[in-house]
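Here is the structure we will look at, set down as structure tokens.
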2 protein chains.
Amino acid sequence: MTDTRWLDDTEMAAWRAFLSTSHLLERRIEEQLKAAAGLTHPQYEILVRLADAPDRQMRMTELARGVVVSKSALTYQITRLEKAGLVERATCPSDDRGVLAVLTEAGLRCLERVAPGHLAVVRAYLVDRLTRDELEVMTTAMSKTERALRE
Amino acid sequence: MTDTRWLDDTEMAAWRAFLSTSHLLERRIEEQLKAAAGLTHPQYEILVRLADAPDRQMRMTELARGVVVSKSALTYQITRLEKAGLVERATCPSDDRGVLAVLTEAGLRCLERVAPGHLAVVRAYLVDRLTRDELEVMTTAMSKTERALRE
DNA sequence: ACAGGATGGTTCAAATCTGAACAACAAGTA
DNA sequence: TACTTGTTGTTCAGATTTGAACCATCCTGT
């Protein structure tokens with residue numbers, strides 16, 4: 001810990017821009033989803049992941065890993081979505097400990113209704129402002145970090 | 001809302017990678033700061049901003065904008081940091097409504113003590129994994145989005 | 001078969017975040 | 001001066017997140 005490697009200007013600029021932008025964008029998305037559908041961003045992401053999954057269902061732990069929230073946060077949100085009728089819990093046939101989160105028809109319809117407005121925000125502030133090259137560089141850069149963080 | 005522009009593969013890959021990575025990195029940083037100094041990431045960012053500011057002080061609203069948190073969240077955190085002796089509140093000479101958050105000596109020492117470990121994480125998972133080009137592309141890309149989001 | 005250790009999900013308390021409501025002050029206008 | 005409008009920071013209630021503690025179940029090696 002004696003020889004600290006500080007960030008030079010290029011590195012610091014990149015890190016600061018990444019940090020601010022991710023927080024700003026998160027806030028904007030949260031605002032849009034709340035206004036349009038009363039959903040939080042994690043809730044929306046849960047619906048998306050389930051819609052993409054085979055049989056529209058997923059194990060709790062796997063889902064938590066995908067959405068990047070703690071197990072307890074997922075338990076809370078699934079309970080919440082269950083009360084809203086968008087998701088159901090089912091017992092896992094292969095593992096008695098397991099719980100499956102299943103997207104309901106209402107959940108799917110909700111997602112289809114909300115997705116356009118959400119994607120419009122993602123486009124308006126991020127995707128549509130970047131060139132093809134920038135998009136690709138971002139993917140490779142982020143993927144390297146993601147892989148490292150997932151061990 | 002009738003003609004939805006979905007994301008193609010390149011766009012979706014970039015967006016998903018960005019989203020997951022920002023959340024994963026946030027979690028990792030939070031974990032490191034908590035273990036090393038009992039600080040949250042927002043708290044650390046507050047210290048950084050104050051250390052960079054003239055006279056190591058800043059108006060509450062300006063600080064909230066910089067760190068990207070709500071005004072009430074900043075009030076909460078400044079109160080917290082004040083109790084820890086890292087920050088003080090001062091009255092603003094030019095505006096009787098205003099409050100200045102001022103970094104104390106202890107706050108500065110705390111920051112200097114914590115920064116190396118924090119930067120090591122930022123390096124290990126992000127900065128050191130990217131090429132010079134990737135860093136620069138990321139800065140321009142993120143800056144475009146940031147500017148748009150700050151209106 | 002069974003002990004020992006890993007894994008899955010929930011519960012709980014504590015911390016934090018947000019938005020709305022509020023009070024005090026600022027700044028411009030008639 | 002008096003009015004109106006906008007800004008600043010705090011308070012408050014409610015929602016959400018996290019990590020630790022916990023129990024049930026799985027799995028491996030003996």
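Protein chains get the first letters and strands the later ones, always in sequence-line order, with residue 1 at the start of each.
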> Salt-bridged, B/Glu31 to B/Arg28, with N to O below 4.0 Å?
Replying inline: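 Answer for the salt bridge query: yes.
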>> Salt bridge check, B/Lys144 against A/Glu134: does any charged N sit closer than 4.0 Å to a carboxylate O?
In response: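 A salt bridge is present here (some side-chain N lies under 4.0 Å from a carboxylate O).
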Please give, in whole Å, the distance from [N] [atom2] to [X] [atom1]?
{"X": "A/Arg89", "N": "C/dG9", "atom1": "CZ", "atom2": "P", "answer": "10 Å"}
{"X": "A/Glu26", "N": "C/dC17", "atom1": "CD", "atom2": "P", "answer": "14 Å"}
{"X": "B/Arg28", "N": "D/dT18", "atom1": "CZ", "atom2": "P", "answer": "15 Å"}
{"X": "B/Ile29", "N": "D/dT18", "atom1": "CD1", "atom2": "C1'", "answer": "17 Å"}
{"X": "B/Tyr76", "N": "D/dT11", "atom1": "OH", "atom2": "C1'", "answer": "14 Å"}
{"X": "B/Leu74", "N": "C/dG19", "atom1": "CG", "atom2": "C1'", "answer": "16 Å"}
{"X": "A/Arg80", "N": "C/dT11", "atom1": "CZ", "atom2": "C1'", "answer": "17 Å"}

Can you tabulate the close N/O pairs, meaning under 3.5 Å, that link protein atoms to atoms of nucleotides 1-4 of chain C?
none

Taking the side chain as everything from C-beta on, heavy atoms only, tell me whether [X] gets closer than 4.5 Å to [Y].
{"X": "B/Leu130", "Y": "B/Met138", "result": "yes"}
{"X": "B/Thr10", "Y": "A/Arg132", "result": "yes"}
{"X": "B/Thr139", "Y": "A/Phe18", "result": "no"}
{"X": "A/Arg123", "Y": "B/Leu7", "result": "yes"}
{"X": "B/Ser20", "Y": "A/Arg150", "result": "yes"}

>> Using a 6.0 Å cut-off, check whether atom CZ of A/Arg65 has over 12 heavy atoms from anything other than its own residue.
In response: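 Open.
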> More than 12 heavy atoms of other residues, nucleotides or ligands under 6.0 Å from CG of A/Asp8: is that the case?
Replying inline: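 Count over threshold, so yes.
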>> Can you tell me if A/Gln77 touches the phosphate of D/dA15, counting only side-chain N or O atoms and a distance under 4.0 Å to OP1 or OP2?
In response: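 No, outside the criterion.
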What pairs of nitrogen or oxygen atoms, one from the protein and one from nucleotides 25-28 of chain C, lie under 3.5 Å apart?
residue: C/dC25; atom: O2; partner: B/Arg97; partner atom: NH1; Å: 3.4
residue: C/dA26; atom: OP1; partner: B/Asp96; partner atom: N; Å: 3.3

> Which of residues 33-63 of chain B sit near DNA chain D, with a heavy atom under 4.0 Å from it?
Replying inline: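 The stretch gives B/Arg59, B/Met60, B/Thr61 as the residues lying under 4.0 Å from the strand, ordered by number.
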Between [atom1] of [X] and [atom2] of [Y], what distance do you get to the nearest 0.5 Å?
{"X": "A/Leu111", "Y": "A/Arg56", "atom1": "CG", "atom2": "CZ", "answer": "10.5 Å"}
{"X": "A/Arg129", "Y": "B/Thr145", "atom1": "CZ", "atom2": "OG1", "answer": "7.0 Å"}
{"X": "A/Leu81", "Y": "A/Leu74", "atom1": "CG", "atom2": "CG", "answer": "9.0 Å"}

>> Let's see if you can work this out: which of C/dT16, C/dT18, D/dT10 has an atom nearest to the side-chain heavy atoms of B/Val69?
In response: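 Of the candidates, C/dT18 comes closest.
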Pairs under 3.5 angstrom only: tabulate donor-acceptor contacts from the side chains of residues 32-49 of chain B to other protein residues two or more places apart or in another chain.
residue: B/Thr40; atom: OG1; partner: B/Gln43; partner atom: N; Å: 3.2
residue: B/His41; atom: ND1; partner: B/Glu26; partner atom: OE2; Å: 2.5
residue: B/Gln43; atom: OE1; partner: B/Thr40; partner atom: N; Å: 3.0
residue: B/Gln43; atom: NE2; partner: B/Gln77; partner atom: OE1; Å: 2.7
residue: B/Arg49; atom: NH2; partner: B/Gly66; partner atom: O; Å: 3.2

Which donor-acceptor pairs under 3.5 Å do side chains of residues 87-98 of chain A form with protein atoms, sequence neighbours excluded?
residue: A/Arg89; atom: NE; partner: A/Glu82; partner atom: OE1; Å: 3.2
residue: A/Arg89; atom: NH2; partner: A/Thr79; partner atom: OG1; Å: 2.4
residue: A/Asp95; atom: OD1; partner: A/Arg97; partner atom: N; Å: 2.9
residue: A/Asp95; atom: OD1; partner: A/Arg97; partner atom: NE; Å: 3.2
residue: A/Asp95; atom: OD2; partner: A/Arg97; partner atom: NE; Å: 3.4
residue: A/Asp95; atom: OD2; partner: A/Arg97; partner atom: NH2; Å: 2.8

> Checking all strands, does A/Glu30 fall into the base, sugar-phosphate, or nothing category for heavy-atom contacts under 4.0 angstrom?
Replying inline: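 Nothing: the residue A/Glu30, judged by heavy atoms under 4.0 Å, touches no strand.
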Strictly under 3.5 Å: I want the nitrogen or oxygen pairs between protein and nucleotides 19-22 of chain D, one per line.
residue: D/dG19; atom: N7; partner: A/Ser72; partner atom: OG; Å: 3.3
residue: D/dG19; atom: O6; partner: A/Ser72; partner atom: OG; Å: 2.9

